2 protein chains.
Amino acid sequence: MTEWEDIESTEKLTEKQKLIIQAAIESFAEKGFAGTSTSTIAKKAGVAEGTIFRHYKTKKELLISIVIPVVKHFLTPFIVRDLNKVLDQTYHSFEDFVRAMFHNRKVFIEKNKKTIKIILQEIPFHEELRDIFKRYVATEPISKVLEIIRHFQEKGELIEGSPYTILRLAASSIAGYFIARHIVAPEVAWNEEEEIEATIAFIMRGIGS
Amino acid sequence: MTEWEDIESTEKLTEKQKLIIQAAIESFAEKGFAGTSTSTIAKKAGVAEGTIFRHYKTKKELLISIVIPVVKHFLTPFIVRDLNKVLDQTYHSFEDFVRAMFHNRKVFIEKNKKTIKIILQEIPFHEELRDIFKRYVATEPISKVLEIIRHFQEKGELIEGSPYTILRLAASSIAGYFIARHIVAPEVAWNEEEEIEATIAFIMRGIGS
DNA sequence: CATAAAAATGAGTGATTACTCACTCTAATA
DNA sequence: TATTAGAGTGAGTAATCACTCATTTTTATG
């Protein structure tokens with residue numbers, strides 16, 4: 001129901017604050033940040049408009065507070081753990097690693113679908129969002145994935161060539177699955193498991209050696 | 001300079017109208033449709049605000065008039081022509097077809113970069129845009145590409161399986177190139193030809209048989 | 001040059017915007 | 001029960017919004 005609460009359940013939020021966040025997530029996802037007024041959010045949440053500004057100094061601060069926990073949990077905690085699983089050979093092949101990531105992040109993406117939609121929609125317009133994204137996704141997690149790619153290149157399991165290029169090709173295919181599944185053709189009946197396996201097979205044929 | 005004029009150069013537009021369209025493209029691309037005011041566009045174009053509404057009944061009509069010609073020319077005229085080239089064997093292989101499309105559409109995408117950015121940003125918020133996209137991209141061109149895929153499947157050049165899945169995988173890889181090149185990492189120095197060839201090789205290893 | 005049509009103008013419209021603030025309510029503690 | 005601090009309120013504010021319209025300027029044609 002609430003896309004949000006399970007992520008930062010430790011934080012103590014007022015009942016009304018949760019209503020505000022839920023209403024904001026739905027409104028921002030549907031109409032965009034600039035297309036949503038604070039009075040709309042207040043009405044949808046069933047609170048007074050002033051209540052929003054008691055908890056968040058500005059409308060933008062509300063957006064940031066929604067986005068931050070999802071960006072934080074999108075890759076960081078798993079990539080580091082998975083790098084260790086690669087190094088201690090819990091994952092015997094790159095394919096094992098890709099398959100684990102795919103299924104693991106699938107659950108997260110589907111649980112935080114609306115917030116991720118907001119992030120994709122708003123990132124071109126807010127420098128702060130770009131900074132948050134760089135901080136929690138574009139630096140450490142990416143360098144860890146590059147390490148993993150190099151590891152399997154050295155084992156001769158992946159083709160040679162720039163790890164950045166290999167990352168781009170694999171990431172495009174995986175992102176393409178989720179974008180097709182949830183944005184381009186959400187109403188189509190999908191055989192999810194079949195499509196996921198086809199995507200993994202495509203990636204491995206493309207960059208395996 | 002103007003992303004626009006070469007597409008519909010036949011249409012007779014006022015000097016001021018061209019300025020308005022150019023200013024609107026830049027503003028919408030940078031701040032989004034909802035984040036751009038008509039007074040901002042007027043100032044940037046160096047015209048009175050009333051002039052905008054003399055030519056376009058509403059702000060949204062201005063958006064549509066910018067977007068339509070680019071969507072119209074994105075795939076339709078080339079896919080039909082290329083299907084014939086496939087059938088009369090001007091393209092001897094699927095790889096030839098993919099390479100031709102890639103380079104051909106690359107020029108178009110780079111020429112209409114800002115407008116394409118606007119389309120991607122605004123399509124979730126405007127039903128009219130989705131209708132235009134369905135009309136000019138999602139129906140005829142896609143069914144033609146599926147025909148081409150089936151053609152090369154029958155020749156044994158592509159793997160078997162759902163043509164939709166094959167299309168999704170190839171399109172993800174190609175779109176991933178342009179998104180990485182122009183949105184995710186536009187400031188990075190790219191060896192374009194090398195990356196394009198790596199992408200085509202990836203696709204062909206992934207779906208070739 | 002005279003005339004008419006089209007293009008352009010900019011002050012003005014009511015509605016809506018994000019945000020403020022003086023005030024009330026609620027619940028926990030002494 | 002009295003006190004107090006934070007939560008919640010909603011009317012109010014100045015700024016900005018998309019859009020209008022009476023008027024002026026430009027352009028094309030005789």
Side-chain angles (χ1 to χ4, degrees), chain A residues 2 4-5 8 10-67 118 121-122 125-129, chain B residues 2 4-5 8 10-67 118 121-122 125-129:
Chain A
T2 67
W4 206 84
E5 58 183 6
E8 297 277 273
T10 45
E11 269 190 42
K12 13 179 170 2
L13 298 177
T14 320
E15 242 6 84
K16 306 246 167 187
Q17 212 168 344
K18 288 181 195 163
L19 291 170
I20 289 165
I21 285 176
Q22 199 50 37
I25 287 175
E26 266 153 40
S27 302
F28 289 160
E30 194 182 331
K31 306 274 186 187
F33 176 77
T36 302
S37 70
T38 49
S39 86
T40 301
I41 296 170
K43 268 174 209 153
K44 186 169 222 163
V47 303
E49 206 174 341
T51 309
I52 294 174
F53 292 95
R54 185 130 308 258
H55 295 290
Y56 307 95
K57 262 175 267 171
T58 62
K59 186 185 160 193
K60 192 170 227 165
E61 196 181 289
L62 171 60
L63 171 71
I64 303 277
S65 86
I66 287 169
V67 155
I118 294 169
Q121 281 167 6
E122 299 302 331
F125 307 132
H126 309 274
E127 174 115 62
E128 307 91 319
L129 284 195
Chain B
T2 67
W4 206 85
E5 58 181 7
E8 296 278 271
T10 45
E11 269 190 43
K12 16 183 169 3
L13 298 176
T14 319
E15 234 18 74
K16 307 245 167 189
Q17 211 168 343
K18 288 180 196 165
L19 290 169
I20 289 166
I21 285 176
Q22 199 52 34
I25 287 175
E26 266 153 40
S27 302
F28 290 160
E30 194 182 331
K31 306 273 185 186
F33 176 77
T36 302
S37 70
T38 48
S39 85
T40 301
I41 296 170
K43 268 174 209 153
K44 185 168 223 165
V47 304
E49 205 173 340
T51 309
I52 294 173
F53 292 96
R54 189 122 306 254
H55 294 289
Y56 306 96
K57 264 176 264 172
T58 62
K59 186 184 161 194
K60 192 169 227 166
E61 196 180 290
L62 172 60
L63 171 71
I64 303 277
S65 86
I66 287 169
V67 155
I118 294 170
Q121 282 165 5
E122 299 302 332
F125 307 132
H126 310 274
E127 174 116 61
E128 306 92 318
L129 284 194

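Since the model is a prediction, treat every value here as computed from it, not as a measurement. Chain letters run A, B, ... following the sequence lines, proteins first, then strands; residues in each count from 1.
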message: Does a side-chain N or O of His55(B) approach OP1 or OP2 of dA8(C) to a distance below 4.0 Å, or not?
response: yes
query: What's the CD-P distance between Glu15(B) and dT9(C), to the nearest Å?
result: 13 Å
- prompt: Separation of Ile52(B) atom CD1 from dT9(C) atom P, in whole Å?
  reply: 10 Å
task: Please name the pair of heavy atoms, one in Val67(B) and one in Ile118(B), separated by the smallest distance, quoted to 0.1 Å.
output: CG2-CG2, 4.4 Å
- line: With the side chain defined as heavy atoms from C-beta on, Arg54(A) is closest, among dA7(D), dC19(D), dA8(C), to dA7(D)
- request: Mind calculating the distance between CZ (Phe33(B)) and P (dA18(D)) to the nearest angstrom?
  value: 8 Å
query: Mind checking whether Leu129(A) and Ile64(A) have side chains closer than 4.5 Å, heavy atoms only?
result: yes
- request: May I have the distance from Glu61(A) (atom CD) to dA18(C) (atom P), rounded to whole angstrom?
  value: 15 Å
message: I'd like to check Ile41(B) versus Leu62(B) (side-chain heavy atoms, cut-off strictly below 4.5 Å). Are they in contact?
response: yes
- request: Check every strand shown and say whether Thr14(A) touches a base, only sugar-phosphate, or nothing at a heavy-atom separation below 4.0 Å.
  value: sugar-phosphate
statement: Between CZ of Phe53(A) and P of dT17(C) the distance, given in whole Å, is 12 Å
message: Rounded to whole Å, please give me the gap between OH in Tyr56(B) and P in dT20(D).
response: 16 Å
query: Below 4.5 Å, heavy atoms only, C-beta onward: do Leu63(A) and Lys59(A) meet side chain to side chain?
result: no
message: Just the rounded figure in Å: distance from C1' of dC21(C) to NZ of Lys57(A).
response: 17 Å
query: Just how far, in rounded Å, is P of dT9(D) from NZ of Lys43(A)?
result: 15 Å
- prompt: Ala48(A) has a side chain; which of dG10(D), dA18(D), dT9(C) sits nearest to it?
  reply: dG10(D)
- prompt: How is Thr36(A) classified with respect to the nucleic acid when contacts are heavy atoms under 4.0 Å: base, sugar-phosphate, or nothing?
  reply: sugar-phosphate
query: Which of parallel (below 30°), tilted (30 to 60°) and perpendicular (above 60°) describes Phe28(B) and Phe33(B)?
result: tilted
statement: Of dC19(C), dA7(C), dA7(D), the nucleotide closest to the side chain of Glu49(A) is dC19(C)
query: OP1, OP2 of dA7(D) versus side-chain N and O of Thr51(A): anything below 4.0 Å?
result: no
- prompt: Nearest to the side chain of Ser37(B), which nucleotide is it out of dC17(D), dA8(C), dA18(C)?
  reply: dC17(D)
field: Side chain of Lys59(B) (C-beta onward), nearest among dC19(C), dG8(D), dA18(D)
entry: dA18(D)
query: Starting at the 5' end of DNA chain C, which residue's closest nucleotide do you reach first, Gly50(A) or Ser39(A)?
result: Ser39(A)
